[in-house]
Amino acid sequence: MTARQRISAIAQRELLDFVRDWRTILMMVLIPLLLFPLLFIGLPLVIGGEAQELAATDVNVLIRGEDVPSDLLTALENRSVIITTAEPSVDVTVDDDEVRNGTLHAVMLWNTSGEVYEIHLRHLSTSTLSTDARQRVLVSLSEWEVQERERRVADAGLNVTDTLDPVRLDPGSTDLASDGEVQGLVLSSFIPLILTMWVVTSGIQPSIDMTAGERERGSMEALLCAPAKRWELLAGKWAAVSTIVLVGVMLQLGGLMFALTFLAGPSLLSTPDVGLLAILLFVVAVLFFSVMVVASELALAIRSKSVKEAGALLAPTSLAVIVPAVIVQVINLDGVETIWFAVPVVNVLLAMRELLLDRVDPLHTLVWLTTTAMYTGLALWYAQRQFNREDLVLSPS
Amino acid sequence: MTISTHQAPPLVTLRGVTKTFGDVVALDDVTTDLNRHTSTALIGGNGAGKTTLLRILAGVYRPTEGSATFAEGDMTAHRRKIGVMTESTGLHLRLTAWENIRFHARLFGVEDGLARERSEALATQLGLGAALDRRTEGFSRGMRQKTALMRALVHEPELLLLDEPTAGLDITSARAVRGLIESLVDEGRGVMWSTHDLTAAKVCGHVLVMHNGQLVADGSLESVLEAHGAGHLEDLYLTLTNEATPEFKAGMEGDS
């Protein structure tokens with residue numbers, strides 16, 4: 001029997017064992033497939049429903065002041081604002097108390113000073129209704145101000161449009177980026193982050209199960225008694241975890257694409273303009289990153305004496321990848337320094353972003369390919385060292 | 001049941017085997033031979049070094065000092081000639097008994113068809129035939145023991161290492177396992193059997209008693225009893241493990 005056959009046997013057994021667990025199916029298949037579609041269907045429904053409900057709710061606003069224009073009051077009433085008017089008052093304590101206890105949702109202090117109207121609003125930002133009342137007042141004021149401005153310009157004998165809108169921007173101004181390139185930009189803003197987080201998080205549980213879990217269950221010892229070399233064990237387990245991770249990533253991306261294409265409307269997603277070389281390099285980047293992450297996770301998990309210990313070790317360690325992944329998303333790619341393409345994790349993520357914009361910079365590519373290959377090699381070497389430890393089987397008795 | 005063929009070269013030779021884990025001496029200068037056609041009982045209390053010795057024989061551990069050789073080669077180079085049943089059975093519980101066996105058979109280079117044939121025969125012999133295609137998570141302790149034994153035997157090893165093979169088995173099952181082991185010995189295999197069950201150990205042709213990492217008795221049951229003037233194995237065991245003095249051990253070494 002060859003090493004390849006033994007590795008294949010180990011990987012097959014690990015995968016069979018893994019998919020037999022219904023929690024795995026839930027975690028690896030259903031959640032990635034349903035997460036984004038549910039977000040795209042459920043979230044707008046919830047947000048829309050809440051907004052509708054809020055808009056239909058009356059809010060109470062007290063207006064303190066004299067000579068408040070009647071058309072402004074009408075505009076407010078059209079926005080379901082129940083208005084109470086009162087004389088100006090120096091002491092606002094009573095009004096504030098009523099806002100705090102919900103009797104009132106906002107207070108507008110109005111003062112007419114010649115041609116100028118001075119307005120002061122009081123609301124409670126921690127209350128949704130109070131915040132919404134303030135918003136309705138602001139919108140009504142803004143609209144009324146436009147009408148007031150036009151009226152004053154007209155009264156002065158000027159052309160309202162030319163005076164108030166002297167600069168005309170052509171709505172059809174040309175964006176040199178094609179739709180596909182814009183789409184690449186959109187994808188580059190979240191695909192690397194999602195890929196990274198999913199590779200890291202989805203590899204943790206299987207890595208622990210196949211190493212510390214095996215030690216805890218006692219099946220590791222039986223495996224070590226078989227005529228398979230330690231590197232073959234590592235390779236078999238690595239292949240199994242990588243398969244799980246990559247299938248999970250594909251399902252998640254599939255769910256995301258489905259949601260964007262069919263649920264978010266066709267305008268949001270079109271085919272990105274990414275060349276074949278960029279696609280190939282993107283795949284290489286994902287593969288290198290997965291190899292590195294899975295090897296590191298297996299190495300750390302095999303060091304642990306129990307599943308609990310492995311979980312406690314791997315969960316915080318994953319932040320070492322996720323935090324840079326978040327930071328990379330805000331790095332400006334125009335004029336980015338080449339050194340960033342040598343920093344572990346950051347290099348692959350930046351490369352993914354560039355490649356989705358169809359930018360294949362030879363120097364950047366050389367640096368991230370070389371350094372990622374080196375880090376991947378180091379991760380595998382470290383994992384191999386851990387798998388060669390004699391104390392993979394515990395309890396010397 | 002034991003046909004000791006001491007004229008033939010030993011199957012396994014241990015010479016001055018010492019194993020340490022940091023400051024802990026798990027095995028201290030163990031020297032003995034394991035032969036074909038022989039079942040060896042490895043007796044000792046908890047922490048005596050039995051499991052460490054089995055792991056060295058299985059190639060999982062390497063001796064810190066001394067040598068462990070299979071016929072003429074290193075233990076690890078001959079793993080495919082060794083079958084191991086660990087104390088914890090080490091089964092994958094979400095797999096069926098057959099899938100567990102098939103996995104190990106593949107690692108040992110046994111084709112699926114042949115492995116299935118052997119598994120069915122062993123399952124019938126051990127009374128596990130109907131459960132071969134059931135997931136092992138629903139198995140009793142005894143059924144798991146039997147599955148682990150079948151897994152250790154599927155590649156027809158020359159040396160079988162068993163850690164507490166009858167622990168947790170009912171009387172009928174224990175007898176079936178002992179019967180199977182006897183037939184393996186009759187076929188010419190060597191069997192080492194770690195056990196607390198002195199009744200079972202009595203039927204072995206070769207007895208090793210361990211205490212605090214040292215081998216304090218080594219020989220046939222009759223010779224060991226005679227050498228220490230003990231009437232029963234229980235008496236011998238208690239004497240050697242509780243009251244063994246350096247002078248006593250020195251006498252033992254001289255005897256063997």
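FYI, side chains are in, hydrogens and waters are out, and symmetry mates aren't considered; it's all heavy atoms of this structure. Letters go in sequence order (proteins before strands), and every chain restarts at 1.
Using a 4.0 Å cut-off between charged side-chain N and carboxylate O, A:Arg20 and B:Glu137 make no salt bridge.
When the candidates B:Arg106, B:Met85, B:Glu87, B:His92 are compared by the number of heavy-atom contacts under 4.5 Å with chain A, B:His92 comes out ahead. Between chain B and the options A:Leu16, A:Asp17, A:Leu224, heavy-atom pairs under 4.5 Å are most frequent for A:Asp17. Note on B:Asn100, B:Leu95, B:Val84: by heavy-atom pairs under 4.5 Å with chain A, the leading option is B:Leu95.
Residue A:Glu214 touches chain B through its side chain alone, counting heavy-atom pairs closer than 4.5 Å. Only the side chain of B:Glu99 comes within contact range of chain A, with at least one heavy atom under 4.5 Å from a heavy atom of that chain. Contact annotation for A:Arg217: only backbone heavy atoms (N, CA, C, O) come within less than 4.5 Å of a heavy atom of chain B. Looking at A:Glu232, there are no atoms closer than 4.5 Å to chain B (heavy atoms on both sides), in backbone or side chain.
Shortest non-hydrogen contact noted between A:Ser219 and B:Gly90 is CB-O, 3.3 Å. Across every non-hydrogen atom of B:Phe108 and A:Cys225, the tightest pair is CZ-O, 4.0 Å. Between B:Arg79 and A:Ala228, the closest heavy-atom pair is NH1-O, 3.6 Å.
Listed in order of number, the residues of residues 142-164 of chain B that approach chain A to under 4.5 Å between heavy atoms are B:Arg151.
Note that the OG1 atom of B:Thr86 and the CG atom of A:Leu223 stand 11.0 Å from one another [nearest 0.5 Å]. The structure places NE2 of B:His104 at 7.5 Å from CZ of A:Arg13, a figure rounded to the nearest 0.5 Å. The distance from the CG atom of B:Leu54 to the CD atom of A:Glu221 is 8.5 Å, given to the nearest 0.5 Å.
For the pairing with A:Glu390, the side-chain hydrogen bond (donor to acceptor under 3.5 Å, both in side chains) check across B:Arg62, B:Arg55, B:Lys19 returns one residue only, B:Lys19.
Around atom CD of B:Glu65, no more than 12 heavy atoms belonging to other residues, nucleotides or ligands sit under 6.0 Å away. Remark: A:Arg389 CZ is packed, more than 12 non-hydrogen atoms of other residues, nucleotides or ligands lying under 6.0 Å away. The 12-atom threshold is exceeded at CE of A:Met374, counting heavy atoms of other residues, nucleotides or ligands nearer than 6.0 Å.
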